[in-house]
Number of protein chains: 2
Amino acid sequence: MATRNGKLLLSPDDWARAALATITDSGPDAVSVERLAGELGVTRGSFYWHFGGRDDVIVAALELWERESTTAQLPALEAIADPIKRLRALLRAVYEPAVDAAELALAAVSDDPVVAPIFARVTERRMAVLRKIFTDLGLSAKEAADRAWLAYTFYLGHHQLRKNAAIASRRPEHLERMIDLLTAAAPRIAEQVTP
Amino acid sequence: MATRNGKLLLSPDDWARAALATITDSGPDAVSVERLAGELGVTRGSFYWHFGGRDDVIVAALELWERESTTAQLPALEAIADPIKRLRALLRAVYEPAVDAAELALAAVSDDPVVAPIFARVTERRMAVLRKIFTDLGLSAKEAADRAWLAYTFYLGHHQLRKNAAIASRRPEHLERMIDLLTAAAPRIAEQVTP
DNA sequence: ACCTGAACACCGTTCAAGT
DNA sequence: ACCTGAACACCGTTCAAGT
């Protein structure tokens, strides 16, 4: 950071990074101009030199997250030729490690006018990767879209459930079973029971 | 509500119902003691006669929701003998109508110490209904648990995505396809591509 | 160009006092 | 038994003034 007379001179990016740290820890609601100012060693008033208001620094923080934690990761995945391997790599990357707190915080407020466009961009990008996996497996565009939808809702729901400790302890141990189900042939089990 | 000298006398239930209305509209964060007091025509101070603090009225509101909107609906479902029909009824009930706002608001903060126990109770109850569908279809307890997990994460993720208008417009039109996938036989499509 | 400091509004919480 | 009203703290936002 730049300084003047031994004092910090802040940029919008400094504020956005501090806000992203708060979002990751405690969600967007926990972002407080007063607290950010305290952490950065300035008064609240100076915040409004850089941003129009509280919402704007949240947007800036989420765009930071979008660039660094999402868009940056996809090219490596897309390089995997075998679609099943690609699906496995994708799901393992999101299933095994601890939940991405910013991801959850974002999903939780995905209808917020501030958050909605960023959420839609990220979702569409990821869904396209999933659709390609299934068309690469030989499914039609429509069938692939259905499978991609199921896979992505699985991903989102899984994260939701993982947040809650009591529920998370019951999640399936073996991700491979989920991959089997997501790539299963269409005909039903127990077809004879169908109406 | 009871009255005295023409003035309203409020019970904890009156406050909880007002809070639930707010949660349904705008989520738990929007619950404000001052606003509730305004709606009910009393001052903020009187709130603290009924509740220890803001969190307590949110818990009371969510327990109201749990009783009226969740527990009450399950017995009718469990009465459907054919497991596929039961799954279809269950998914249609949650897929077709507009998103339950309280449901989403709850899921969004399912790790909140205030919300976690209620969320865990509701989730476990619903997951048990799903597991039974799959054991009724002839699957082992373990296999049924995996399918139930996939079905429930589908449900949660679907609601998440539905919140965002841009994404919701891309959801699969025919729920029946999702039911096919959830009840599909285990062997993979395109088995030859597997490593 | 960036920050301070005072002001105002909103709201959670407490508590003595009222009926 | 339930409510009022004043007080205090926290924080978003504005803005004139400082460097």
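Computed from heavy atoms alone, side chains included, the values below leave out hydrogens, waters and symmetry copies. Below, read A as the first sequence line, B as the second, and so on, with proteins coming before strands; counting in each chain starts at 1. Not measured: the values here are computed from a predicted model.
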I want to verify a distance call: between D:dT13, C:dC3, C:dT13, whose nearest atom is closest to the A:Leu10 side chain?
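The listed nucleotide nearest to A:Leu10's side chain is C:dC3.
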To the nearest Å, give me how far apart [atom1] ([X]) and [atom2] ([N]) are.
| X | N | atom1 | atom2 | result |
| --- | --- | --- | --- | --- |
| A:Asp29 | D:dC10 | CG | C1' | 16 Å |
| A:Trp15 | C:dC2 | CH2 | P | 13 Å |
| A:Asp56 | D:dT13 | CG | P | 9 Å |
| B:Leu36 | D:dC3 | CG | C1' | 16 Å |
| A:Phe51 | C:dC2 | CZ | P | 12 Å |
| B:Glu34 | C:dC11 | CD | C1' | 5 Å |
| A:Asp14 | C:dC2 | CG | P | 11 Å |
| A:Arg44 | C:dC2 | CZ | C1' | 18 Å |

Evaluate the criterion salt bridge (Lys or Arg N to Asp or Glu O under 4.0 Å) for residue pair A:Arg131 and A:Glu124; output intermediate values, then yes/no.
CA-CA 10 Å; A:Arg131 280 197 302 267; A:Glu124 180 46 40; 2.9 Å; yes
Salt-bridged, A:Arg126 to A:Glu66, with N to O below 4.0 Å?
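Looking at A:Arg126 and A:Glu66, the cut-off is not met.
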With sugar-phosphate meaning primed atoms plus P, OP1 and OP2, does A:Val57 contact a base, only sugar-phosphate, or nothing at under 4.0 Å between heavy atoms?
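No contact.
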Reckon A:Ser32 touches a base, only the sugar-phosphate, or nothing at all at heavy-atom distances under 4.0 Å?
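Touches sugar-phosphate only.
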Would you mind reporting whether [Y] and [X] have side-chain heavy atoms less than 4.5 Å apart?
| X | Y | result |
| --- | --- | --- |
| A:Asp136 | A:Arg86 | yes |
| A:Trp65 | A:Val122 | yes |
| A:Leu161 | B:Trp149 | yes |

Both distances below 3.5 Å, Watson-Crick or wobble geometry, any strand: find the nucleotide opposite D:dG12.
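Pairing partner: C:dC8.
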What does D:dA1 pair with, Watson-Crick or G-U, if both distances are under 3.5 Å?
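WC or wobble partner is C:dT19.
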Could you tell me whether the phosphate oxygens of [N], OP1 or OP2, come under 4.0 Å of any side-chain nitrogen or oxygen in [X]?
| X | N | result |
| --- | --- | --- |
| A:His50 | C:dA1 | no |
| B:Arg35 | C:dC11 | yes |
| A:Tyr48 | D:dT13 | yes |

